[in-house]
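All heavy atoms count here, side chains included; hydrogens, waters and symmetry mates do not. We count ligands from 1, going down the list as the structure has it; atoms in each ligand are counted the same way. All residue numbers in this chain count up from 1 along the given sequence.
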Amino acid sequence: MANPIVVGADGSPSAAAAVEWAADEAVRKELPLKVVHAVYHLPYVGATYVVPGLEDALTRAGRRFLEEAERLAWARHPDMDTSVALLDGPPGRVLAAQSAQASELVVGGRGRGGFVGMLLGSVSAHVAGHAAAPVVVVRPDYTPMRAEVVVGIDGSAECEPALGYAFEQARLLGCPLRAVYGWQLPSEISSGWFVRDSEDVQRMRDRLVMGALATWRATYPDVPADVKVIHDHPVTALVEASRDAALLVVGSRGRGAVGSAVLGSVSRGVLHHARCPVAVVRHPPAADTTTPAVH
Ligand SMILES: Nc1ncnc2c1ncn2[C@@H]1O[C@H](COP(=O)(O)OP(=O)(O)OP(=O)(O)O)[C@@H](O)[C@H]1O
Ligand SMILES: [Mg+2]
C-alpha cells in the first residue's frame, strides 16, 4: 500500500494549518492521512520532583489533539481515509522516524511551546533536516492561492529531487512553475571590481538554469515553467517570490553547503521567512555529490 501523508499535531494553530494542508494534499495525491502526536514523558519522569498525574494529563491532551486534528481533516474532506497514532518519544525524532514510511511529512512552522518571537520551532527545524521524505512546513497566516509553485535552484545536482517534486506539485495544483535562481558575488569583491551583470553574463546564466529545467519540461509538457534569475541573496529572492506562491520548494542543501550541515543556509533562511508553505526535499544520501567548498 502507498505510504500515507504524515502530519504532526500538537493542538497549536500552526499544526491546525498543517493538518488542513496535509488533508488537501492527501486527497490530491489519493493517499491516506496519518495524524501523529508524540508524548515525551522522559523530561518529567526523570525530574527530581514529580508532578502528580502529569503523565496521564499529557496522554489525555495528546488524544484530544489527535481527535481535533481528525475532525479538521474530515471537515474538509468527509470521506477521507485517516488514521491517528499517539507515540512515545521526543517529537522531532518520532516524526523523523515516521517519515521513513511516509510519502510526505507535514508540520506547522511553530507549535505550542517556544518563546513568542521565534519564527521556527525546534521540531520543525529538526524534521526539515533529518526526515527521509519531503517535509512541508505550514504557517497559519498564509492565504492559500494557486498562483504558482516556486522552486529555488542553484544549478547543483542537489536541486534535482526538488525540481521533480515541484513539477509534480504544479501539475496537481494546476498552476505554473517558476524556478528562481538568486545569485550575488561574494561580499568581499562586490563593489566596482566586476561588471556586475553584463548581457553576456546574464545570457550565459540564463542558458545554464534553463538547461536545468530541460528534462523536467519533457516529463511535464503541460506544466508551464519559466526561470527567473535575480541578482540578490537567494533567501531574499525566494522570500520575495513566495509572496504570490502556493508553495515554495527547496532542496535540503545546495552548492555551498558545508559537509556537516544537514540543512543548507538558504533552506534554513526560507523556512524562517517565507510567506507560503515551504517544502524541503532531500537529496538521497547515496548520491550526495555536494561540491566541496573552494578556498
Ligand atoms: N508533540 C508533538 N507531536 C506531534 N507533532 C508535533 C509535536 N510538537 C510539535 N509538533 C509539530 O511541529 C510543529 C512545530 O512545533 P515546534 O514544537 O517545533 O514549535 P514550538 O512549540 O513553537 O517550539 P519549541 O517546541 O521548539 O519550543 C507543530 O506545528 C506540529 O506540527
Ligand atoms: Mg513544541
Side-chain angles (χ1 to χ4, degrees), residues 4-26 32-46 54-73 76 82-142 144 247-248 252 262-263 267-280:
I5 305 287
V6 173
V7 59
D10 70 349
S12 63
S14 247
V19 168
E20 292 186 335
W21 196 93
D24 291 354
E25 178 76 342
L33 177 73
K34 180 176 179 183
V35 189
V36 172
H37 178 75
V39 185
Y40 193 23
H41 295 292
L42 201 64
Y44 310 103
V45 173
L54 184 66
E55 277 200 58
D56 286 350
L58 284 173
T59 305
R60 272 200 307 276
R63 288 212 185 94
R64 202 179 66 239
F65 299 152
L66 290 174
E67 284 164 15
E68 283 167 7
E70 216 172 22
R71 271 202 296 277
L72 274 179
R76 277 179 107 75
T82 65
S83 63
V84 297
L86 188 67
L87 302 172
D88 200 350
R93 280 213 224 135
V94 166
L95 290 173
Q98 286 287 306
S99 72
Q101 276 90 45
S103 294
E104 272 170 64
L105 175 60
V106 186
V107 289
R110 287 289 314 273
R112 297 178 71 86
F115 66 91
V116 177
M118 208 164 66
L119 294 173
L120 191 71
S122 61
V123 173
S124 328
H126 180 85
V127 297
H130 292 90
V135 174
V136 181
V137 178
V138 185
R139 291 172 197 285
D141 53 358
Y142 84 99
L247 180 68
L248 170 58
S252 53
V262 285
L263 205 59
S267 315
R268 238 180 309 129
V270 299
L271 278 171
H272 280 84
H273 299 290
R275 302 305 174 95
C276 68
V278 177
V280 179

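When only non-hydrogen protein atoms are considered, atom 22 (O) of ligand 1 lies nearest to R110 NE, 2.6 Å. From the protein, the heavy atom lying nearest to atom 31 (O) of ligand 1 is G8 O, 2.7 Å. The nearest heavy-atom contact from the protein to atom 1 (N) of ligand 1 is A38 O, 2.8 Å. Nearest non-hydrogen protein atom to atom 27 (O) of ligand 1 is G114 N, 2.8 Å. In terms of protein heavy-atom proximity, atom 25 (O) of ligand 1 is nearest to S122 OG, 3.9 Å. The protein heavy-atom contact nearest to atom 19 (O) of ligand 1 is G111 N, 2.9 Å. When hydrogens are left out, the protein atom nearest atom 18 (O) of ligand 1 is V123 N, 2.7 Å; that is the closest non-hydrogen contact. The nearest protein atom to atom 9 (C) of ligand 1, hydrogens excluded, is given as D10 OD2, 3.5 Å; this is a heavy-atom distance.
For ligand 1, the atoms closer than 4.0 angstrom to any heavy atom of S124 are 13 (C), 14 (C), 18 (O). Every atom of ligand 1 is numbered from 1 in the order shown, and the set under 4.0 Å from a heavy atom of V107 is 12 (O), 31 (O). Counting the atoms of ligand 1 from 1 in the order shown, those under 4.0 Å from a heavy atom of L95 are 5 (N). Every atom of ligand 1 is numbered from 1 in the order shown, and the set under 4.0 Å from a heavy atom of R112 is 21 (O).
Residue contacts with ligand 1 include M118, since one or more of its heavy atoms lies under 4.0 Å from the ligand. The shortest separation from a heavy atom of S12 to ligand 1 is under 4.0 Å, placing the residue in contact.
A salt bridge links R64 to E68: at least one charged side-chain nitrogen sits closer than 4.0 Å to a carboxylate oxygen.
For the pair R93 and H130, the minimum side-chain heavy-atom distance is 4.5 Å or more. Contact annotation: the side chain of Q98 approaches that of K34 to within less than 4.5 Å [non-hydrogen atoms, C-beta and beyond]. Taking 4.5 Å as the limit, every side-chain heavy atom of I5 sits out of range of all side-chain heavy atoms of V136. Side-chain contact between V35 and H37: absent, with no pair of heavy atoms (C-beta onward) separated by less than 4.5 Å. Counting heavy atoms from C-beta on, the side chains of L120 and R139 come closer than 4.5 Å. Within the 4.5 Å cutoff, no side-chain heavy atoms of V137 are placed close to those of V280.
Ligand 1 has an N or O atom lying under 3.5 Å from an N or O atom of G113, backbone or side chain. Any N or O atom pair closer than 3.5 Å counts here, and P91 shares no such pair with ligand 1.
Counting only residues at least two apart or on different chains, no salt bridge (charged side-chain N to carboxylate O under 4.0 Å, His left out) pair has a member in residues 109-122.
S12 meets the side chain to side chain donor-acceptor pair (under 3.5 Å) test with D10; sequence neighbours excluded.
Among S103, S83, P4, the one residue that satisfies the side chain to side chain contact (heavy atoms under 4.5 Å, CB included) test with P32 is P4. When each of V6, V138, V127 is tested with V106 by the rule side chain to side chain contact (heavy atoms under 4.5 Å, CB included), just one qualifies, namely V138.
Of the options V36, V106, V35, V7, the smallest heavy-atom separation from atom 4 (C) of ligand 1 is shown by V36.
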